[in-house]
Amino acid sequence: MTVRTRFAPSPTGYLHVGGARTALFSWLHARKHGGHFILRIEDTDLERSTPESVNAILEGMAWLGLDYDEGPFFQTRRFDRYDEVIKELLAAGQAYRCDCSKERLDALRGRQMRNKQKPRYDGRCRARDVDPEQPHVVRFRTPLEGATVIEDLVQGRVVLPNSELDDVIVRRSDGSPTYNLSVVVDDMDMEVTHVIRGDDHLNNTPRQVQILRALGKPLPVYAHVPMILGEDGARLSKRHGAVSVVQYRDAGFLPEALLNYLVRLGWSHGDDEVFTLDEMLEFFDLSDVNKAASRFDSEKLLWLNQVYIKSSAPEHVARHLSEQLGRLGIDPTTGPDPVGVALAQRERAKTVLEMAENSVYFYQDYDEMDVRAASKHLRPVALEPMALLRDRLASLGDWSAPRIHDAITGTAESLHLKLGKLAQPLRVAATGRGVSPPIDVTLELLGKERALQRIDGALAYIRARVEQG
RNA sequence: GUCCCCAUCGUCUAGCCGGCCUAGGACACCGCCCUUUCAAGGCGGCAACACGGGUUCGAAUCCCGUUGGGGACGCCA
């Protein structure tokens with residue numbers, strides 16, 4: 001039997017990191033076993049589902065490279081099918097109509113809570129014959145006796161007495177199906193073999209198992225993966241800032257870095273930390289997934305992102321860099337090849353956004369210099385050495401880092417200056433700040449014309465300082 | 001409140017079918033080295049088996065309880 005997994009988000013928001021990891025595990029499991037990965041949009045909640053959310057989810061999945069073989073399926077297009085199953089249950093006496101009012105239900109819940117009981121439907125309509133023409137919901141008739149056992153791939157055996165379950169609503173009074181019914185029908189119709197989802201669904205599983213049994217269908221294999229908590233240990237929410245996958249994209253993260261970070265949350269393979277997609281596929285196994293919830297640690301994500309920035313092909317990083325430059329309003333064709341910039345900056349950027357922000361001076365003249373850097377390094381003592389170096393650089397025929405380097409060290413030696421005494425002023429002149437890639441590389445990228453221009457500007461700055469005393 | 005799940009360094013985790021663990025790796029943090037800046041890199045350091053009972057010659061590893069955390073309890077998914 002071929003493996004079939006699915007990712008089934010409800011379109012009520014963006015794709016957050018928790019959902020993305022569930023999708024990743026599901027995708028990995030399908031791909032590893034040569035199976036199919038299905039995307040299904042659970043939009044039965046007409047009130048809260050939005051097309052924007054659907055797009056946000058698709059966008060996030062696409063960015064991460066989690067491609068699906070089937071779908072996206074929309075549950076709203078399958079209402080007829082759900083109704084068919086509900087009728088089947090009704091006809092078999094596995095479900096019944098209920099016309100209990102919200103008020104009665106609320107009162108019942110209140111009473112039960114006060115009595116320190118678990119709030120649940122009392123089954124008042126189980127034996128009543130509710131008029132199908134009058135407003136009503138349909139409830140599943142849960143067995144009163146026995147227990148439901150789930151053999152979960154990550155949670156192990158979970159047993160829940162059926163007395164803990166109440167009769168869930170499977171069809172609302174407006175005729176729409178509820179979650180527990182639609183998932184069951186879909187997973188069954190789509191022949192899903194492995195239901196991989198967050199463990200917040202573990203409590204729902206016995207109900208779904210009961211419905212499946214009532215329908216006489218085989219059970220899928222369940223795997224409830226632990227949740228991802230925010231850095232403060234609380235459930236992930238908007239309050240935690242950047243939890244949306246596309247926000248990480250915009251913040252300059254590489255999709256492979258996020259994927260790598262996510263796969264290591266709740267799963268491990270010995271002491272390994274960095275995995276290529278192929279390695280993930282080779283080593284990932286649901287049975288190695290932890291049971292405990294884990295916290296999201298953005299520091300470690302940042303580290304991994306830098307690992308990927310440093311080790312990926314420069315051309316690949318450069319593509320992301322160009323995008324980020326574009327978002328900063330810079331046209332990458334107005335300066336050095338982003339590949340060279342990526343190569344020069346890769347060791348000093350934890351995100352591509354940071355890399356772009358620190359590379360602006362390659363493409364645009366700086367408006368003003370960093371005050372501290374300028375006052376520290378562009379001092380009168382630097383005037384002569386800089387002027388000398390400027391001429392030497394100007395005479396360079398081959399504007400390459402090695403030649404530039406020779407010019408700088410040559411000048412420093414002839415003046416008996418420590419390299420830093422010359423390199424730092426030069427850096428401030430060239431970039432307007434005290435930090436940059438190695439100065440020879442920086443100058444090469446800048447180009448001869450631009451570099452000399454900026455040195456001239458810095459010389460003028462120093463002269464003005466001399467005059468001011 | 002009731003039920004379900006969980007519990008190793010600050011964080012992610014290895015180990016968990018008992019002895020190889022004076023508990024390993026990674027992030028973060030601290031120190032040293034390298035160094036034209038910032039980084040990167042190298043080396044070193046700090047730091048945990050939640051607690052209490054058992055079982056056993058022997059427990060991080062098995063059992064029970066306590067505490068703590070998370071989840072579910074909706075005509076949300």
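Quick note on labels: first sequence line is chain A, next is B, and so on, each numbered from 1.
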N/O donor-acceptor pair under 3.5 Å between A:Asp285 side chain and A:Ser287 backbone: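 Between the backbone of A:Ser287 and the side chain of A:Asp285 there is a qualifying donor-acceptor contact (under 3.5 Å).
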Donor-acceptor pair present, A:Ser173 side chain and B:C75 base, under 3.5 Å: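 Result: at least one qualifying N/O pair found.
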Assess whether one donor atom and one acceptor atom, taken from the side chain of A:Asn204 and the base of B:A77, lie less than 3.5 Å apart.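 Such a pair exists between side chain and base.
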Using the [atom1] atom on both, measure [N] against [M] and round to a whole Å.
N: B:A28; M: B:U11; atom1: P; value: 16 Å
N: B:A59; M: B:C17; atom1: P; value: 15 Å
N: B:A50; M: B:G70; atom1: C1'; value: 16 Å
N: B:C5; M: B:C63; atom1: P; value: 13 Å
N: B:C29; M: B:A47; atom1: C1'; value: 10 Å
N: B:C73; M: B:A14; atom1: P; value: 29 Å
N: B:C64; M: B:U56; atom1: C1'; value: 16 Å
N: B:A48; M: B:U37; atom1: P; value: 37 Å

Applying a 3.5 Å limit to both distances, which nucleotide forms a Watson-Crick or G-U wobble pair with [N]?
N: B:C57; result: B:G19
N: B:A7; result: B:U67
N: B:U37; result: none
N: B:G31; result: B:C43
N: B:A72; result: B:U2

Is it true that the side chains of A:Thr178 and A:Asn180 contain a donor and an acceptor less than 3.5 Å apart?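 The criterion, which ignores hydrogens and geometry beyond distance, is not satisfied for A:Asn180 and A:Thr178.
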Is a side-chain donor-acceptor pair under 3.5 Å present for A:Asp43 with A:Thr76?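 Checked: A:Thr76/A:Asp43 side chains pair up, N/O donor to acceptor below 3.5 Å.
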For nucleotides 16-30 of chain B, give me one character per nucleotide, 5' to 3': B if any protein heavy atom sits under 4.0 Å from the base, S if the only such contacts are to the sugar-phosphate, - if neither. --------BBBSS--
Anything under 3.5 Å between a protein N or O and an N or O of nucleotides 65-70 of chain B, put it in a table, one pair a line.
none

Roughly how many Å is it from [atom1] in [X] to [atom2] in [N], rounded to a whole number?
X: A:Asp166; N: B:C3; atom1: CG; atom2: C1'; value: 12 Å
X: A:Ile86; N: B:C75; atom1: CD1; atom2: C1'; value: 12 Å
X: A:Asp106; N: B:C75; atom1: CG; atom2: C1'; value: 11 Å
X: A:Leu202; N: B:A77; atom1: CG; atom2: C1'; value: 15 Å

With a 4.0 Å limit, can you tell me whether A:Thr409 has a side-chain N or O closer than that to the phosphate oxygens OP1/OP2 of B:U36?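 So the side-chain polar atoms of A:Thr409 never come under 4.0 Å of the phosphate oxygens OP1 or OP2 of B:U36.
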When you check the phosphate oxygens OP1 and OP2 of B:A40, does a side-chain N or O of A:Gln306 lie under 4.0 Å from one of them?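 Result: yes.
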NA contact type, A:Leu265, heavy-atom cut-off 4.0 Å: base, sugar-phosphate, or nothing?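 It contacts sugar-phosphate atoms only.
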Students often get this wrong, so: under 4.0 angstrom with heavy atoms, is A:Lys116 touching a base, only sugar-phosphate, or nothing?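 The answer is sugar-phosphate, as A:Lys116 gets under 4.0 Å only of primed atoms, P, OP1 or OP2.
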Check RNA chain B against residues 419-438 of chain A and give the residues with a non-hydrogen atom under 4.0 Å, in numerical order.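 Only A:Leu419, A:Gly420, A:Ala423, A:Gln424, A:Arg427, A:Gly434, A:Val435, A:Ser436, A:Pro437, A:Pro438 qualify.
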Just checking A:Trp27 against A:Phe7, ring centres under 6.0 Å apart?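 Centroid distance A:Trp27-A:Phe7: not below 6.0 Å, so no.
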A:Trp303 and A:Tyr308 aromatic centres sub-6.0 Å: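 Distance test on ring centres: not under 6.0 Å, no.
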If you draw a 6.0 Å radius around CZ in A:Arg124, do more than 12 non-hydrogen atoms from other residues or ligands fall strictly inside?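 Atom CZ in A:Arg124 is crowded, with more than 12 foreign heavy atoms closer than 6.0 Å.
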Salt-bridge present (A:Lys87, A:Glu84; N to O < 4.0 Å):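 Judged by the 4.0 Å cut-off on N to carboxylate O distance, A:Lys87 and A:Glu84 do not form a salt bridge.
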